[in-house]
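Data first, discussion second: the structure below is written as structure tokens.
All residue numbers in this chain count up from 1 along the given sequence. Heavy atoms only: backbone and side chains are in, while hydrogens, waters and symmetry mates are out.
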Amino acid sequence: FSGGWRMRAALGALLLAAPLTWLVAVYLAPLGLLFLTAFWQTDGFTGLLVRTPTLENFRDLLSEPAYLGATARTVAVALAVTVLCVVIGLPMALFMAMVATSRWQPVLLALVLTPLWASYLVKVYAWRSILAGTGGYGVAAVVLVLTYLWLPYMVLPIYTGLTTLKPSVLDAS
């Protein structure tokens, strides 16, 4: 009996090896390299990259008012987009998984997936033209567009998680 579990665990690890390798190579490695470059400087005279480790960039980030403002705005926009995606995405996913009939679930899922087929640039320029009449190039427009772009990535995992729940578990909770 225990040998079967080991075989399943080994098979699961083997199946996850390729996607995890891809994740590390394409996503995590560039992020690590980007973080590493935060410790380097550029020479003010030549503009060349100086690869000696320093914390000066972090000191500037925490002391320069322009950097503090940009960081605060970035964090505020990220929090606003995350909260909006949760507030909109959770009820959508809950409706799709628990309320909609099995006939409508694929249709609703296709409606959530359809915007993912278009390029980010196409969607951003479409929103720009929509908001151009109101002069919507401020923070509110950025939050709106980013919420639209990231909403499917909030809805799909929640929907998938909710569809795997057994009705008895929901009743018990």
Side-chain angles (χ1 to χ4, degrees), residues 1-35 69-173:
F1 183 72
S2 65
W5 286 103
R6 287 186 189 134
M7 185 63 129
R8 286 185 189 172
L11 181 61
L14 184 64
L15 288 173
L16 287 176
L20 286 176
T21 302
W22 180 255
L23 175 70
V24 168
V26 173
Y27 186 72
L28 297 178
L31 280 178
L33 291 173
L34 181 65
F35 182 70
T71 303
R73 273 192 313 276
T74 301
V75 170
V77 166
L79 286 174
V81 169
T82 303
V83 167
L84 281 172
C85 282
V86 169
V87 166
I88 298 168
L90 186 61
M92 280 178 66
L94 191 64
F95 178 81
M96 288 170 56
M98 301 295 169
V99 178
T101 63
S102 59
R103 179 178 167 187
W104 280 99
Q105 282 180 350
V107 173
L108 294 172
L109 189 60
L111 289 174
V112 170
L113 289 172
T114 301
L116 296 177
W117 293 347
S119 164
Y120 277 108
L121 287 176
V122 170
K123 291 185 274 190
V124 168
Y125 279 117
W127 274 105
R128 184 176 177 187
S129 65
I130 290 169
L131 297 173
T134 61
Y137 296 120
V139 175
V142 171
V143 170
L144 176 70
V145 172
L146 289 176
T147 301
Y148 172 76
L149 291 175
W150 290 104
L151 187 60
Y153 298 107
M154 181 67 75
V155 172
L156 292 174
I158 295 172
Y159 169 75
T160 303
L162 289 173
T163 56
T164 60
L165 288 177
K166 296 177 183 172
S168 61
V169 173
L170 283 176
D171 292 340
S173 67

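- Taking the side chain as every heavy atom from C-beta outward, L108 and V112 never approach each other to under 4.5 Å.
- Shown here for P30 and A25, the closest heavy-atom pair between the two residues is CD-O, 3.6 Å.
- Put simply, the side chain of K123 never gets that close to the backbone of L149: no donor and acceptor are under 3.5 Å apart.
- Put simply, the side chain of V145 does not reach to within 4.5 Å of the side chain of R128, judged on heavy atoms.
- With sequence neighbours left out, the side chain to side chain contact (heavy atoms under 4.5 Å, CB included) criterion links A29 to no other residue.
- Residues I158 and V86 form no side-chain contact, since every pair of their non-hydrogen atoms from C-beta on lies 4.5 Å or further apart.
- Listed here is the closest heavy atom pair of P152 and P157: O-CD, 4.3 Å.
- Among residues at least two apart or in separate chains, there is no side chain to side chain donor-acceptor pair (under 3.5 Å) pair with a member in residues 100-119.
- Listed by chain and number, the residues in a side-chain hydrogen bond (donor to acceptor under 3.5 Å, both in side chains) with Y120 are Y153 (sequence neighbours excluded).
- Legend: residues meeting side chain to side chain contact (heavy atoms under 4.5 Å, CB included) with A97, ordered by chain and number and at least two apart, are Y159, L162, T163.
- Within the 4.5 Å cutoff, no side-chain heavy atoms of L146 are placed close to those of L84.
- Looking at residues two or more places apart in sequence or on another chain, you find no ring pair (Phe, Tyr, Trp, His ring centres under 6.0 Å) involving Y27.
- Residues that satisfy the side chain to side chain contact (heavy atoms under 4.5 Å, CB included) test with L16, not counting sequence neighbours, are L20.
- For the pair I88/V155, no side-chain contact is recorded, criterion being any heavy-atom separation below 4.5 Å from C-beta on.
- Proximity of L131 to L144: side-chain heavy atoms (C-beta onward) are separated by under 4.5 Å at one or more points.
- Distance CE/M96 to OG1/T160: 8.5 Å, rounded to 0.5 Å.
- Exactly one residue among T82, V81, V83 makes a side-chain contact (heavy atoms from CB on, under 4.5 Å) with T147. That residue is V81.
- With sequence neighbours left out, V24 forms a side chain to side chain contact (heavy atoms under 4.5 Å, CB included) with L28.
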